[in-house]
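Single-structure report; data block below.
Read the numbers this way: they start at 1 and go in the same order the structure lists the ligands and their atoms.
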Amino acid sequence: MDLFSLTGKTALVTGGTRGIGLMIARGLLQAGAAKVYVSSRKAEACEQAAKELSAFGEAVPVPADISTEAECLRLAEAVGDGPLHILVNNAGATWGAPLEEFPASAWDKVVDLNLKAPFYLTRALLPALRAAATPDDPARVINIGSIDGIMTPGERYSYTTSKAAVHQLTRVLAKELGPQHITVNAVAPGPFESKMMAATLEAFGDTIAAAVPLRRIGRPDDMAGAAVFLASRAGSFVNGAVIPVDGGLTTL
Ligand SMILES: NC(=O)c1ccc[n+]([C@@H]2O[C@H](COP(=O)([O-])OP(=O)(O)OC[C@H]3O[C@@H](n4cnc5c(N)ncnc54)[C@H](OP(=O)(O)O)[C@@H]3O)[C@@H](O)[C@H]2O)c1
């Protein structure tokens, strides 16, 4: 079982206070991670998540609004020089509106958080990731993309393009950082329960589940499993991959 063990590892999960980020933070701790920093804008949410996660291991709350480079730098500083074995760039936001009404602000909000933040944060944390990186056991960057970056959903113009860009950024950084023993991969989730998806799943949950080849939506263990795989020895030769965790939705 040591193939999937994260014993002794330190991780940072952005947006780790709820939804997919919380599923991943919990999974990392359950796989043996020694310490997981959980970050989001709201200090109270960070405290609450850390408290909940402390049932599984050490969780450290670090509030930061990473939609600006300055805050990405501050978060990186709070995490320190490492070693940081696992960085999960998960925090994200979406916006939906008809083409003619789609506001400029919805481009800035979504692209700043979904695309620029993973770039700024990964760059700022390179010293900490390098401190964890070895040829046999690379440091890991896991970007949370989306099947929306692979498929062509309507009305979420900035979201779908920001996610496709994150997938491409993943491949570019994987090539550049591989020789430094840092892997960069993306997980492209299909539908999972979260605040972001709450209204959609309430209105169309059954229809969405029926459309998935596996006939259900994602469960917390599905997301934790993908992250643990990529973060553990089991995933140490995977680099530059974009892995849909979607029950086969992207095959349609
Ligand atoms: N759920 C799905 O079905 C699905 C499918 C595909 C991809 N995804 C991706 O999975 C990731 C997580 O989504 P989710 O569904 O779990 O959404 P969620 O429930 O809305 O969670 C988003 C997380 O990001 C944090 N956050 C939002 N804005 C932030 C900012 N400016 N700075 C720092 N943290 C911020 C939120 O906490 P605060 O409000 O406290 O900041 C929260 O912890 C996103 O990248 C999303 O695109 C989700």
Side-chain angles (χ1 to χ4, degrees), residues 12-27 36-50 52-53 59 61-76 78 88-96 105-106 108-118 120-121 142-151 153 156 158-167 169-170 186-202 204-205 208-209 211-212 216-220 222-224 226-227 242-247 249-250:
L12 164 63
V13 183
T14 69
T17 56
R18 62 172 194 247
I20 283 181
L22 188 59
M23 296 172 200
I24 291 175
R26 188 188 300 121
V36 175
Y37 293 95
V38 283
S39 186
S40 82
R41 286 168 301 183
K42 301 179 195 98
E44 210 174 294
C46 290
E47 293 286 346
Q48 180 56 39
E52 210 177 306
L53 288 167
V62 192
D65 179 344
I66 56 170
S67 60
T68 65
E69 185 185 12
E71 277 288 278
C72 289
L73 294 174
R74 193 181 64 74
L75 174 56
V88 184
N89 287 308
N90 162 77
T94 188
W95 196 284
S105 60
D108 295 340
K109 181 186 163 74
V110 170
V111 171
D112 285 352
L113 181 62
N114 294 9
L115 177 59
K116 294 186 191 175
Y120 293 140
L121 198 56
I142 302 170
N143 295 325
I144 304 304
S146 173
I147 60 165
D148 276 6
I150 299 171
M151 301 171 90
R156 299 192 290 277
S158 55
Y159 183 76
T160 177
T161 45
S162 74
K163 292 298 185 179
V166 162
H167 296 169
L169 180 64
T170 298
V187 173
F192 279 77
E193 292 274 8
S194 73
K195 189 172 176 199
M196 182 188 283
M197 281 294 283
T200 306
L201 288 177
E202 201 180 326
F204 311 110
I208 291 172
V212 175
R216 65 171 176 86
I217 66 162
R219 297 177 187 136
D222 300 325
M223 197 42 58
V242 178
I243 303 177
V245 179
D246 66 345
L249 207 46
T250 38

Please walk me through it: do I66 and Y120 pass side-chain contact (heavy atoms from CB on, under 4.5 Å)? CA-CA 9 Å; I66 56 170; Y120 293 140; over 6 Å; no
Residue and atom name of the nearest protein heavy atom (relative to [atom]), distance in Å to one decimal:
{"atom": "atom 29 (C) of ligand 1", "answer": "R41 NE, 3.5 Å"}
{"atom": "atom 31 (N) of ligand 1", "answer": "D65 OD1, 2.8 Å"}
{"atom": "atom 15 (O) of ligand 1", "answer": "S194 OG, 2.5 Å"}
{"atom": "atom 46 (C) of ligand 1", "answer": "Y159 OH, 3.5 Å"}
{"atom": "atom 6 (C) of ligand 1", "answer": "P189 O, 3.2 Å"}
{"atom": "atom 24 (O) of ligand 1", "answer": "G15 CA, 3.5 Å"}
{"atom": "atom 4 (C) of ligand 1", "answer": "I20 CD1, 3.7 Å"}
{"atom": "atom 32 (N) of ligand 1", "answer": "I66 N, 3.1 Å"}

Kindly indicate, with the supporting measurements, whether the criterion side-chain contact (heavy atoms from CB on, under 4.5 Å) is fulfilled by V212 and D246. CA-CA 8 Å; V212 175; D246 66 345; over 6 Å; no
If you compare all heavy atoms of P153 against all heavy atoms of T160, which two are closest, and at what distance to 0.1 Å?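 That closest heavy-atom pairing would be CD-OG1, 3.6 Å.
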Give the minimum heavy-atom separation between A93 and Y159, together with the two atoms involved.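 Between these two residues, the closest heavy atoms are O-CD1, 3.2 Å.
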Distance from [X] atom [atom1] to [Y] atom [atom2], nearest 0.5 Å?
{"X": "T14", "Y": "I144", "atom1": "OG1", "atom2": "CD1", "value": "8.5 Å"}
{"X": "L75", "Y": "Y37", "atom1": "CG", "atom2": "OH", "value": "10.0 Å"}
{"X": "K163", "Y": "D148", "atom1": "NZ", "atom2": "CG", "value": "9.0 Å"}
{"X": "R18", "Y": "K195", "atom1": "CZ", "atom2": "NZ", "value": "4.5 Å"}

Going by heavy-atom distance to atom 13 (O) of ligand 1, choose the closest among E71, M197, M196.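 Residue with the shortest heavy-atom distance to the ligand atom: M196.
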Run down the list I208, I144, N90, D112 and name the one with the heavy atom closest to atom 44 (C) of ligand 1.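 Answer by nearest heavy atom: N90.
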Does an N or O anywhere in [X] fall below 3.5 Å from an N or O of ligand 1?
{"X": "S39", "result": "no"}
{"X": "K42", "result": "yes"}
{"X": "N114", "result": "no"}
{"X": "G21", "result": "no"}
{"X": "F192", "result": "yes"}
{"X": "I147", "result": "no"}

Check contact between [X] and ligand 1, using heavy atoms of the residue and a distance below 4.0 angstrom.
{"X": "A93", "result": "no"}
{"X": "L113", "result": "yes"}
{"X": "K163", "result": "yes"}
{"X": "C46", "result": "no"}
{"X": "G190", "result": "yes"}

Side chains of [X] and [Y], heavy atoms from C-beta outward: is any pair under 4.5 Å?
{"X": "P189", "Y": "I147", "answer": "no"}
{"X": "T250", "Y": "M151", "answer": "yes"}
{"X": "V187", "Y": "I24", "answer": "no"}
{"X": "P191", "Y": "M197", "answer": "yes"}
{"X": "E52", "Y": "L22", "answer": "yes"}

Atom indices of ligand 1 within 4.0 angstrom of [X] heavy atoms, with elements:
{"X": "A64", "answer": "32 (N), 33 (C)"}
{"X": "K195", "answer": "19 (O)"}
{"X": "G145", "answer": "7 (C), 9 (C)"}
{"X": "P191", "answer": "3 (O)"}
{"X": "G19", "answer": "16 (O)"}
{"X": "G92", "answer": "22 (C), 24 (O), 44 (C), 45 (O)"}

R74 bridged to D65 by N-O distance under 4.0 Å: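 A salt bridge is absent here (no side-chain N lies under 4.0 Å from a carboxylate O).
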Going by atom types only, do N114 and S162 share a side-chain donor-acceptor pair under 3.5 Å?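 Side-chain D/A pair, N114 to S162: present.
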Go through the steps for I150 and H167 under the test side-chain contact (heavy atoms from CB on, under 4.5 Å), then give the verdict. CA-CA 9 Å; I150 299 171; H167 296 169; 3.8 Å; yes
